[in-house]
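For reference, the structure is listed below as structure tokens.
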Number of protein chains: 2
Amino acid sequence: MNALKAKEREVNKVEVEKPELFAIADLAKEFGISTRAIRFYETKGLLQPERVGNTRVFRRRDRARLILILRGKRLGFSLRDIQEYLALYDADSSQTAQHTLLIEKIDERLALLRTQLDDLQTTITELTEIRQLADERLRTSG
Amino acid sequence: MNALKAKEREVNKVEVEKPELFAIADLAKEFGISTRAIRFYETKGLLQPERVGNTRVFRRRDRARLILILRGKRLGFSLRDIQEYLALYDADSSQTAQHTLLIEKIDERLALLRTQLDDLQTTITELTEIRQLADERLRTSG
DNA sequence: TCATAGGCTTACGTTAACGTCAAACTGCTT
DNA sequence: AAGCAGTTTGACGTTAACGTAAGCCTATGA
């Protein structure tokens, strides 16, 4: 991807910031994942980079989606879940035939997320309590 | 497990509430999981039911652990993660050789959970915004 | 007494999400 | 010209978390 890197450097010189095009290795490095993973996400339809010849070229939009993908993963969602989730973002700009259906889907997902939020807060509270106990014992008995 | 069920019924008659012993199917039904899953958790050391002959008998403690396991799963943690996590709870009552080490582990996990909390809140905010957009469009254009 | 309903173990099957080669094709750099 | 770095498409390997039988034991109700 040296051609691309040259292009990038050029763009950077002119616009000083915000590269518009990315090679697969750029994204892999930036987000600390493998190129294999990125290609895999593409086969699953989560990313749709363009091609220059054979080579994948990613735009800002793909990068943005990748960020959402990784966040979804940190939240423990499957790629299939994340796919649906991305569709919600897409539907935002496209004219979805049924907004009502979209809204329902969003509500479903929000409900899920709120359950998760509850679980999380409970867990944090409990662990914090255990931490205090351990802390106290450390201080008194040692 | 009819012997156990009989036992349970008996106990219930006397104490009127809070069964102390559970058959594998009881827990499976209560939490909507398979008996296979429960046995699997046992092989992974997450549960340690007693045995009456060959048959597993679960106490309240096991039930409590199962609740933690399922919560952990909802939060997207692996069984291995959950195992460590359970150990934190255990260490609470046992005398851990190094409280310091325990505290460090708890802090690690808390950091993780807080990242997750951030991710979650961001996601909820974004989805809520998208929801509003869809909602408005539904109202105006239809 | 026989069937039926669980329970137990053992073992192979399955899905998700990549990891890990292999083999071949660029485009530079030297 | 030769080599290296980076990319591509297969294709097989791997780990986690169970699902799904198969075969066997046992208590209980008809």
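The structure displayed is predicted, hence computed values, not measured ones. All values below were derived from every heavy atom in this structure, side-chain atoms included, with hydrogens, water molecules and symmetry-related copies excluded. Letters A, B, ... are given to chains in the order of the sequence lines, protein chains preceding strands, and every chain is numbered from 1.
Taking atom CG of B/Asp26 as the reference point, atom P of C/dG7 lies 8 Å away to the nearest angstrom.
Evaluation of the side-chain hydrogen bond (donor to acceptor under 3.5 Å, both in side chains) rule for B/Asp119 yields A/Arg74 as partners, not counting sequence neighbours. By the side-chain hydrogen bond (donor to acceptor under 3.5 Å, both in side chains) test, B/Glu50 is found to be paired with B/Arg59, residues two or more places apart in sequence or in another chain being considered. Every residue meeting the side-chain hydrogen bond (donor to acceptor under 3.5 Å, both in side chains) condition with A/Asp135, not counting sequence neighbours, appears here in chain and number order: A/Arg131, A/Arg139. For A/Glu129, the side-chain contact (heavy atoms from CB on, under 4.5 Å) partners at least two apart in sequence or on another chain are A/Thr125. Every residue meeting the salt bridge (charged side-chain N to carboxylate O under 4.0 Å, His left out) condition with B/Lys105, not counting sequence neighbours, appears here in chain and number order: B/Glu84. For B/Glu108, there are no side-chain contact (heavy atoms from CB on, under 4.5 Å) partners, not counting sequence neighbours. Among residues two or more places apart in sequence or in another chain, the ring pair (Phe, Tyr, Trp, His ring centres under 6.0 Å) test is passed with B/Phe77 by none. For B/Arg60, the salt bridge (charged side-chain N to carboxylate O under 4.0 Å, His left out) test picks out no residue, with sequence neighbours left out. Under the rule for a side-chain hydrogen bond (donor to acceptor under 3.5 Å, both in side chains), the partners of B/Arg63 that lie at least two apart in sequence or sit in another chain are B/Glu30.
Within residues 64-80 of chain A, no residue places a heavy atom under 4.0 Å from DNA chain D. Taking a 4.0 Å limit (strictly below) on heavy-atom distances, residues 31-45 of chain B reaches DNA chain C at B/Arg36, B/Arg39.
For the helix from C/dT1-D/dA30 to C/dT30-D/dA1, the end axes, each set by the C1' atoms of five terminal pairs, are bent relative to each other by 20° (nearest 10°).
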